[in-house]
Amino acid sequence: NMICFAYPMYRSFKALETKEEDDDTQWLTYWVIFAYFNMLEYFVDFILSYFSYYFFVKLFFFLWLAHGNGSVKVYKAVIRPIFLKIEGPLDKAVAGMPNTKTLEKAAETVTSAVGNAAHNETNPKNE
């Protein structure tokens with residue numbers, strides 16, 4: 001996984017610093033495929049682990065994605081058609097999710113409650 005993260009992260013950073021948009025598209029599609037692949041892998045990892053060469057195949061697949069237009073080819077041939085079929089339901093699901101401010105407020109509430117509980121635990125009231 002390190003190779004699948006480190007080099008693409010570096011190239012993504014470099015792409016963001018250029019004025020060209022083609023390299024941005026290449027690396028954005030790489031990360032979309034990477035996320036999609038990892039999501040699928042989460043559910044079938046127990047099966048894939050039985051194939052002794054699986055990790056080598058995965059490594060070469062991601063190296064191929066990272067060089068040239070492999071990621072754009074896979075996106076257009078596989079990911080895009082799937083996404084277009086489920087785009088409507090996904091849009092509805094995302095629209096029903098709490099917005100960022102709600103999540104931040106919930107995180108602050110939990111953090112405050114944990115902090116108060118820790119403070120009360122270390123400073124018990126005298127009765």
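For reference, positions follow the sequence shown, starting with 1.
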key: side-chain contact (heavy atoms from CB on, under 4.5 Å) partners of Ser12, counting only residues at least two apart   = Trp27, Trp31
ask   = Out of curiosity, does Phe37 fall in the hydrophobic cluster containing Ile82 (side-chain heavy atoms, cut-off under 4.5 Å, transitive links)?
value = yes
task = Mind checking side-chain contact (heavy atoms from CB on, under 4.5 Å) for Ile47 and listing every partner two or more places apart, or none if nothing turns up?
result = Phe51
message = Please determine whether the number of non-hydrogen atoms from other residues, nucleotides or ligands lying under 6.0 Å from atom CD of Glu87 exceeds 12.
response = yes
request  = Indicate, with yes or no, if Val32 and Phe43 share a hydrophobic cluster defined by side-chain heavy-atom contacts under 4.5 Å among Ile, Leu, Val, Met, Phe, Trp and Tyr.
outcome  = yes
query = Taking only residues two or more places apart in sequence or in another chain, which ones pass side-chain contact (heavy atoms from CB on, under 4.5 Å) with Leu90?
reply = Phe83, Ile86
query = How would you list, by chain and number, every residue that makes a side-chain hydrogen bond (donor to acceptor under 3.5 Å, both in side chains) with Asp23, sequence neighbours excluded?
reply = Thr18
inquiry  = I want to check something: taking the side chain as every heavy atom from C-beta on, are Ser49 and Tyr54 in contact at a cut-off of under 4.5 Å?
reply    = no
inquiry  = Which residue is it: Leu40, Ile33, Asn38? I am looking for the one with a side chain to side chain contact (heavy atoms under 4.5 Å, CB included) to Tyr36.
reply    = Leu40
inquiry  = Assigning hydrophobic clusters by single linkage (Ile, Leu, Val, Met, Phe, Trp, Tyr; side-chain heavy-atom cutoff under 4.5 Å), is Met39 placed with Tyr42?
reply    = yes
message = If the condition is side-chain hydrogen bond (donor to acceptor under 3.5 Å, both in side chains), which residues does Tyr7 pass it with, not counting sequence neighbours?
response = none
ask   = Applying the 4.5 Å side-chain criterion to the ILVMFWY set and letting contacts propagate, would Leu48 and Phe34 be lumped into a single cluster?
value = yes
Side-chain donor-acceptor distances from residues 60-79 under 3.5 Å, at least two apart:
unit_1, atom_1, unit_2, atom_2, d
Ser71, OG, Gln26, O, 3.0
Ser71, OG, Thr29, OG1, 3.1

query = Would you say Tyr50 and Phe56 are hydrophobically clustered, going by side-chain heavy atoms of ILVMFWY under 4.5 Å?
reply = no
query = For atom CG of Asp45, is the number of surrounding heavy atoms from other residues, nucleotides or ligands below 6.0 Å larger than 12?
reply = yes
